[in-house]
Amino acid sequence: MASTDVSATTAEELSGLFLRELRLVPEWEKIKACIQCGTCTASCPTSWAMDIKPREIIGLFRARRLDKVLRSNTIWICASCYSCVVRCPSGVKVSDLMYALRSVGIKRGLFPKGEKYPALAQAFAKVVDKYGRNAESEMLTRFYLGSNPLGLGKQLSLGFQMLRRGRLALLPKGIRGREDIGKMMAELEREDRG
């Protein structure tokens with residue numbers, strides 16, 4: 001997966017795209033209520049691996065520095081555990097903000113060079129779009145074939161062990177009403193382009 005130089009997209013384009021994504025987040029206006037207390041960072045189980053802490057992400061967003069945010073690994077490392085959201089005294093939905101930022105990064109091909117998290121996020125999104133839920137075996141196959149085909153061979157032994165113990169399904173299972181979800185997603189994409 002190739003990464004793109006963030007500077008290839010203007011700051012105005014990024015801000016406009018991100019604001020459209022952000023408006024899909026319920027109560028997105030609460031981002032203005034952030035008091036920079038750092039509770040989100042202190043609550044985050046993966047903040048130790050982030051190059052920019054969640055509190056700083058909000059500060060950079062307010063300073064219109066989306067280029068720096070999209071170059072960081074933070075939005076891709078977020079585990080979506082929602083600890084930050086539960087503990088935030090101002091009610092800021094930090095995890096949802098991270099999803100909005102990921103969406104912008106994927107749409108524009110903007111992510112840190114050499115990081116595999118975007119490839120994993122894209123593989124996950126494709127599988128969920130296809131089946132309405134995650135299918136781990138297909139997601140991991142897509143991820144490794146798209147980012148590191150030799151890595152797939154290294155994971156086969158673990159995959160067989162998980163299959164044998166019933167921890168991994170070989171064939172994906174879809175959900176009821178998947179066609180309706182597909183129609184909703186197509187409508188959202190049309191609105192996003194328009």
Side-chain angles (χ1 to χ4, degrees), residues 1 3-129 134 139 181 184-185 187-189 191-194:
M1 174 177 292
S3 60
T4 306
D5 183 7
V6 175
S7 63
T9 304
T10 67
E12 292 82 25
E13 287 174 329
L14 282 177
S15 292
L17 185 59
F18 178 65
L19 286 174
R20 281 199 303 269
E21 292 291 328
L22 191 61
R23 288 192 175 108
L24 298 175
V25 174
E27 302 177 50
W28 69 274
E29 303 88 358
K30 286 188 175 180
I31 195 169
K32 297 174 190 168
C34 174
I35 57 174
Q36 292 286 301
C37 65
T39 301
C40 52
T41 300
S43 306
C44 179
T46 58
S47 67
W48 63 271
M50 295 174 173
D51 54 359
I52 298 175
K53 305 303 180 203
R55 179 187 63 82
E56 295 169 313
I57 291 287
I58 294 175
L60 287 168
F61 167 70
R62 288 173 158 178
R64 298 177 184 256
R65 295 293 317 271
L66 281 178
D67 56 331
K68 189 169 183 177
V69 170
L70 293 172
R71 282 192 185 109
S72 77
N73 68 6
T74 302
I75 61 175
W76 305 102
I77 288 179
C78 171
S80 304
C81 68
Y82 284 82
S83 294
C84 54
V85 176
V86 170
R87 297 192 65 210
C88 177
S90 300
V92 177
K93 298 191 173 192
V94 181
S95 294
D96 294 342
L97 172 66
M98 299 292 184
Y99 275 116
L101 288 164
R102 283 183 198 163
S103 179
V104 170
I106 287 173
K107 284 180 180 170
R108 290 293 172 142
L110 303 173
F111 33 79
K113 292 180 179 177
E115 296 290 352
K116 294 180 180 172
Y117 313 113
L120 184 61
Q122 285 178 316
F124 176 79
K126 284 180 181 174
V127 170
V128 171
D129 282 348
N134 190 14
M139 181 193 70
I181 293 174
M184 287 189 315
M185 296 304 293
E187 184 61 33
L188 286 172
E189 286 176 12
E191 285 181 17
D192 193 38
R193 280 179 283 189

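Only this structure's heavy atoms are used, side chains among them; waters, hydrogens and symmetry mates stay out.
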State which residues pass side chain to side chain donor-acceptor pair (under 3.5 Å) with [X]; sequence neighbours excluded, sorted by chain then number.
| X | value |
| --- | --- |
| Tyr99 | Ser80 |
| Arg62 | none |
| Glu29 | none |
| Arg102 | none |

Can you list everything that forms a side-chain contact (heavy atoms from CB on, under 4.5 Å) with [X]? Sequence neighbours excluded, please.
| X | value |
| --- | --- |
| Pro89 | Ile35, Cys37, Thr39 |
| Cys40 | Pro54, Arg55, Cys84, Val94 |
| Lys116 | Phe143, Asn148 |

**Request:** Sort and list the pairs that fulfil ring pair (Phe, Tyr, Trp, His ring centres under 6.0 Å) and have at least one residue in residues 39-73, not counting sequence neighbours.
**Result:**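 The answer is Phe18-Phe61.
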
For the student: nearest non-hydrogen atoms of [X] and [Y], plus distance:
| X | Y | result |
| --- | --- | --- |
| Thr41 | Ser47 | O-OG, 3.4 Å |
| Ile77 | Ala49 | CD1-O, 3.4 Å |
| Ile75 | Met98 | CG2-SD, 3.7 Å |
| Ser72 | Ile57 | OG-CD1, 4.1 Å |
| Ser83 | Ser43 | CB-O, 3.6 Å |

**Residues that Phe124 engages under ring-ring contact (aromatic ring centres under 6.0 Å, His included), provided they are two or more places apart** =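 With sequence neighbours excluded, Phe124 shows a ring-ring contact (aromatic ring centres under 6.0 Å, His included) to no residue whatsoever.
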
Provide the full list of salt bridge (Lys or Arg N to Asp or Glu O under 4.0 Å) pairs with a residue in [range], sequence neighbours left out, each pair given once.
| range | result |
| --- | --- |
| residues 83-93 | Glu27-Lys93 |
| residues 39-51 | none |
| residues 33-49 | none |

**Message:** Just checking Lys53: does its NZ atom have more than 12 heavy atoms from other residues, nucleotides or ligands closer to it than 6.0 angstrom?
**Reply:**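 Yes, the 6.0 Å shell around NZ holds more than 12 heavy atoms from other groups.
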
**Asked** Rounded to the nearest 0.5 Å, what separation is found between the CZ atom of Arg65 and the CD atom of Glu56?
**Response**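 Spacing of CZ (Arg65) from CD (Glu56) equals 12.5 Å.
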
**Prompt:** Once you round to the nearest 0.5 Å, how far does CH2 of Trp28 lie from CG of Asp96?
**Reply:**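 With rounding to 0.5 Å, CH2 (Trp28) is 14.0 Å from CG (Asp96).
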
**Prompt:** Would you say Leu101 and Thr74 make side-chain contact, with heavy atoms under 4.5 Å?
**Reply:**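 Of all side-chain heavy-atom pairs linking Thr74 with Leu101, none is under 4.5 Å.
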
**Request:** Would you check if the side chain of Lys30 reaches a backbone N or O of Ser90 as a donor-acceptor pair within less than 3.5 Å?
**Result:**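 Checking the backbone N and O of Ser90 against the side chain of Lys30, no donor-acceptor pair under 3.5 Å is found.
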
**Request:** Quickly, which of Leu60, Ile58, Leu97, Ile52 forms a side-chain contact (heavy atoms from CB on, under 4.5 Å) with Val69? Name it, please.
**Result:**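 Between Val69 and the candidates, side-chain contact (heavy atoms from CB on, under 4.5 Å) is satisfied uniquely by Leu60.
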
